[in-house]
There are 2 protein chains.
Amino acid sequence: MPVAGGQGRVLELAVLGSLHETPLHGYELRKRLNALLGMFRAFSYGSLYPCLRSLLTQGLIAEEQPAPATIVGGRSKIVYKLTADGKERLQDMLTQAGPSAWEDESFGVHFAFFRHTEAEVRLRILEGRRSRLEERLDAVRTALARTRERLDSYTLELQRHGLESVEREVRWLNELIATERRASSEDRPERDTTSTDE
Amino acid sequence: MPVAGGQGRVLELAVLGSLHETPLHGYELRKRLNALLGMFRAFSYGSLYPCLRSLLTQGLIAEEQPAPATIVGGRSKIVYKLTADGKERLQDMLTQAGPSAWEDESFGVHFAFFRHTEAEVRLRILEGRRSRLEERLDAVRTALARTRERLDSYTLELQRHGLESVEREVRWLNELIATERRASSEDRPERDTTSTDE
DNA sequence: GCTTCGATGTATCGAGCCGATACATCCCGA
DNA sequence: TCGGGATGTATCGGCTCGATACATCGAAGC
């Protein structure tokens, strides 16, 4: 069952989140998105425009009418803005802390909108991502141990580099999680911190 | 024009390369591939089986007949092996040093089979990947400088982490390139090394 | 003044790939 | 003996990309 909405809709979240700041048209939207996500993802028009159309028919975004004087040629820019339903949907998506938030493709997008996410959800997403990566680390290390003997130096070097990259991301997540915990314990200092693991 | 064969066919290369070592059946093939590529990619059956079928009809691989005694039930494993055409094709792909070799999705696969790649091609792929990453680094840094003022701490942290990861990969590539150059100058010591850039 | 060129802008198409799923067999332990 | 987990082949819906097409606008160049 494809669940029809809420799975791999990373783009949907990215668009809704961007439009939450300010109304935008497609071209500018794509530029901002790809600048925002920087090195992690790069959405293309081939997915952006169908996504905009879908959001439009769902009533989550709407075309904003510009001042008539602005229109020079026939039809020019199509500026989209978030509707009330869209804002609600965005809040929903930001509240979800599941695999769809911490997989490779989606984690960056969720993280980019952490400003609008509750502290508790942020923590769960960071921890989810960390255990996802540690899972993968285990799998690769096990596979590596099993086939250690017959591997050429290039394959080995690739494994080593990949392992190191992921270990580095885990350390990054550890720091972020520690920071989050510190911030939340400062908000609620009545909580006993001596019994927390790690 | 989709060029019909030679673009995004990363899987094709991966399958051909794996089958070059030893004949394999689908399930085992996928396991090896995902162990080999470790943290970079993970192919699924949804792409593997159509790929195998396509390679079969192209005559690049063939079903290997097992000893009749091996077949216990009706039809069991389908073991594929590389044909002569397949070996030729693999050599072709390994010789290609273009964007299709150093983009994110394909670089890992190409690197994993560097053992079968000529030294000159290896160097060009490594350098191509490096300049690809530096390009991206420039783009993000420029975008970051232009919008520095209005960015929340999470977005900033994401950018910083992304930037650092890519810088790290560039350093890795630098080391690999230096090693390759050293190795190739040892092979041909008549080459003057004082005039090489960097 | 005229033209060319690059940035801006909307939009679609073919094709690759993934996740989920279905289904069958084999073997091992409770 | 029975269930569950590994092995094994296979497909379907749907998302996304890269390439491409087409149109407008301003600036640079001749």
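Below, chains carry the letters A, B, ... as their sequence lines are ordered, and counting in each starts from 1. Please read all numbers here as calculations on a predicted model, not as lab measurements.
- Nearest-nucleotide mapping onto DNA chain D: of B:Lys31 and B:Glu103, the residue sitting toward the 5' end is B:Lys31.
- Taking atom NZ of B:Lys77 as the reference point, atom C1' of D:dT7 lies 8 Å away to the nearest angstrom.
- Taking every heavy atom of both residues into account, A:Arg129 and A:Glu103 meet most closely at NH1-C, 3.7 Å.
- Remark: side-chain polar atoms of B:Thr83 are paired, donor with acceptor, to backbone N or O of B:Gly59 under 3.5 angstrom.
- The environment of CD in A:Glu120 is sparse: at most 12 heavy-atom neighbours from other residues, nucleotides or ligands sit within 6.0 Å.
- Between A:Ala42 and B:Tyr27, it is B:Tyr27 whose nearest contact on DNA chain D lies nearer the 5' terminus.
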Show every donor-acceptor pair shorter than 3.5 Å between a side-chain atom in residues 111-118 of chain A and any protein atom, with sequence neighbours excluded, or say none if there are none.
residue	atom	partner	partner atom	Å
A:His116	NE2	A:Glu21	OE2	3.2
A:Thr117	OG1	A:Phe113	O	3.1

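- Distance B:Arg32 CZ to D:dT7 P: 13 Å, rounded to the nearest Å.
- A donor-acceptor contact closer than 3.5 angstrom links the side chains of B:Ser54 and B:Gln58.
- Between B:Arg41 and C:dC18 there is a side-chain N or O to OP1 or OP2 distance below 4.0 Å.
- Separating the CZ atom of B:Arg9 from the C1' atom of C:dA15 is a distance of 9 Å, rounded to the nearest angstrom.
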What pairs of donor and acceptor atoms, side-chain ones from residues 29-39 of chain B against any protein atom, are under 3.5 angstrom apart with sequence neighbours left out?
residue	atom	partner	partner atom	Å
B:Arg30	NE	B:Phe43	O	2.9
B:Arg30	NH2	B:Phe43	O	3.3
B:Arg32	NE	B:Glu28	OE2	3.3
B:Asn34	OD1	B:Phe43	N	3.0
B:Asn34	ND2	B:Phe43	O	3.3

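- With rounding to whole Å, A:His25 atom NE2 is found 16 Å from C:dA7 atom P.
- The nearest whole Å value for the distance from the CG atom in B:Asp104 to the C1' atom in D:dT16 is 15 Å.
- When the nucleotides C:dT10, C:dC17, D:dA10 are ranked by their closest atom to the side chain of B:Tyr80, D:dA10 comes out on top.
- Here the C1' atom of nucleotide C:dG9 and the CG atom of A:Leu24 are 14 Å apart, to the nearest Å.
- Look at CG on A:Asn34: it is 16 Å from C1' on C:dA7, rounded to the nearest Å.
- Within residues 43-58 of chain A, the residues having any heavy atom closer than 4.0 Å to DNA chain D are, in order of number, A:Phe43, A:Ser44, A:Gly46, A:Ser47.
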Quick one, B:Glu167 with B:Arg141, criterion salt bridge (Lys or Arg N to Asp or Glu O under 4.0 Å). Give me CA distance, side-chain angles, the key distance, then yes/no. CA-CA 12 Å; B:Glu167 281 162 0; B:Arg141 280 202 265 251; 2.9 Å; yes

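- In this structure, CZ of A:Arg30 is placed 12 Å from P of D:dA19, rounded to the nearest angstrom.
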